[in-house]
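Worksheet for the structure shown next.
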Amino acid sequence: MKDNTKYIHGYPVFDETTGASSIPIYQCSTFKQESIRDSQPYTYSRFGNPTRHALEEGIAAIEDGRFATAFASGMAAISAVLLSFSQGDHIVMCKSIYGGTFQLVNEVMNRFGIEVTFVDETDLAEWEHAIRPNTRALYLETPSNPLLSVTDIHGVVAIAKDHHLMTIIDNTFMTPQFQKPLALGVDVVIHSATKFINGHSDVVAGLVITNDEEFANQIVLQQKVLGGILSVEDCWLIMRGMKTLGIRMNQSVSSAEKIAEVLENHPAVKKVHYPGLKSHPGYEIQKHQATSGGAVMSFELENQEAVYTFADHLKIPIAAVSLGGVESILSYPVTMSHACVPKEEREKQGVTDGLLRLSVGIEDTEDLVEDLMQALSYVKVSEKV
Ligand SMILES: *Cc1c(COP(=O)(O)O)cnc(C)c1O
């Protein structure tokens with residue numbers, strides 16, 4: 001079965017008991033038992049709920065994995081995965097990591113004696129050199145946020161296999177539509193389903209997918225005892241969103257490719273970071289491990305004044321935190337995701353005053369391009385040498 005068919009038919013999409021064309025929302029905390037003598041499959045919704053199980057089976061099918069677990073947010077999913085490690089364990093992580101994950105390891109996990117070393121994700125030698133006797137896992141996120149650096153998944157997986165380590169990937173930006181990490185040898189896939197998988201900016205959710213039964217059981221235990229389960233309404237909304245993942249992603253990417261090219265050739269734009277562009281340093285690796293450059297890019301204008309002028313004139317994309325919605329979303333890392341990072345450190349990371357991130361929605365390409373161009377026309381262009 002190909003992907004678009006799978007999104008609609010590849011998992012339980014219909015209710016078995018009534019034939020209802022979508023899985024019902026089982027709005028219950030508990031289940032009446034046939035007898036108090038023995039247990040039954042569903043007993044209490046934190047342990048398991050048919051609506052949530054349908055979503056979990058669905059996302060497992062879509063990621064070509066065997067086991068999936070749904071959480072109340074991407075961060076709850078990441079926490080469950082990382083808290084399955086123990087005191088004294090060490091993890092190597094890409095340094096361009098989601099801000100929440102960074103805070104989790106630096107402000108919470110460190111208190112439990114789980115150590116993390118950050119490496120330049122684009123340098124395979126750094127991954128290898130960071131490995132110690134107590135290293136348990138390599139954790140990657142590619143392309144990264146907000147600068148879209150690309151990590152060589154095959155390369156990191158090969159290093160992990162040499163050292164008998166687990167690999168974990170945050171696949172939020174690519175989605176299974178464009179990047180299937182389990183097939184590339186990665187052990188655990190995490191999603192903030194808040195983004196493209198749900199796709200409508202109306203749910204916060206997280207997912208963990210793996211083929212490793214033992215690890216899957218560990219994650220189910222974490223779901224049960226940490227308790228960060230996804231509510232049944234949200235499970236239902238994500239199943240609804242998932243059915244259109246393919247057509248949404250394809251539309252967004254076809255616009256993103258066009259937009260990246262147009263921005264790259266615009267005199268007011270200093271640089272475009274988009275792994276679908278030939279000029280991107282990770283272009284070849286991206287082509288090897290994913291089937292597109294995705295629907296997110298970032299680009300640099302001259303300075304903050306240019307950013308404000310541009311954003312004030314933009315009509316279609318909404319200015320907001322987050323990404324992956326049907327609507328295009330413009331984010332300004334300086335005042336949003338990186339507001340807490342000191343200016344010097346932020347600039348060292350490449351997050352300059354002129355950097356903007358664009359998550360391309362499913363609006364008509366022509367409208368998006370026209371809107372971006374008219375807004376850019378207000379930006380003063382300094383003489384280029
Ligand atoms: C948004 C995001 C997260 C966090 O997910 P939430 O659903 O907001 O908890 C993690 N990783 C990436 C790459 C994200 O974009």
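Numbering of ligands and ligand atoms starts at 1, following listing order.
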Worksheet entry | Partner residues of Thr142 under the side-chain contact (heavy atoms from CB on, under 4.5 Å) criterion, sequence neighbours left out |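 Thr142 satisfies side-chain contact (heavy atoms from CB on, under 4.5 Å) with Leu140, Val150, Thr151, Ile153, Ile169, Gln179, Gln289 only.
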
Discussion item. Run the salt bridge (Lys or Arg N to Asp or Glu O under 4.0 Å) test on Arg132 and Glu115 for me, step by step, so that the C-alpha distance in whole Å, both residues' side-chain angles and the decisive distance to 0.1 Å come before the verdict.
Written reply: CA-CA 11 Å; Arg132 309 177 189 164; Glu115 281 184 292; 3.1 Å; yes

Worksheet item: Would a 4.5 Å heavy-atom cut-off, applied to side chains only, mark Cys28 and Ser45 as touching?
Response: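 Yes; the side chains approach each other to less than 4.5 Å.
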
Listed pairs under 3.5 Å, donor-acceptor, residues 307-314 side chains, sequence neighbours left out:
unit_1	atom_1	unit_2	atom_2	d
Tyr308	OH	Gln304	NE2	3.2
Thr309	OG1	Glu305	O	2.8
His313	ND1	Thr309	O	2.8

Item to complete: Spell out, yes or no, whether Ile362 and Tyr7 are grouped together once hydrophobic residues are joined by side-chain heavy atoms under 4.5 Å, including indirect joins.
Response: no

Worksheet item: Going by side-chain heavy atoms closer than 4.5 Å, which hydrophobic residues are tied to Leu147, directly or by a chain of links?
Response: Val351, Leu355

Can you give me a line-by-line list of nitrogen or oxygen pairs between ligand 1 and the protein shorter than 3.5 Å?
unit_1	atom_1	unit_2	atom_2	d
ligand 1	5 (O)	Ser192	OG	3.0
ligand 1	7 (O)	Gly74	N	2.8
ligand 1	7 (O)	Ser192	OG	2.9
ligand 1	7 (O)	Thr194	OG1	2.6
ligand 1	9 (O)	Gly74	N	3.0
ligand 1	9 (O)	Met75	N	2.8
ligand 1	11 (N)	Asp170	OD2	2.7
ligand 1	15 (O)	Lys195	NZ	2.8

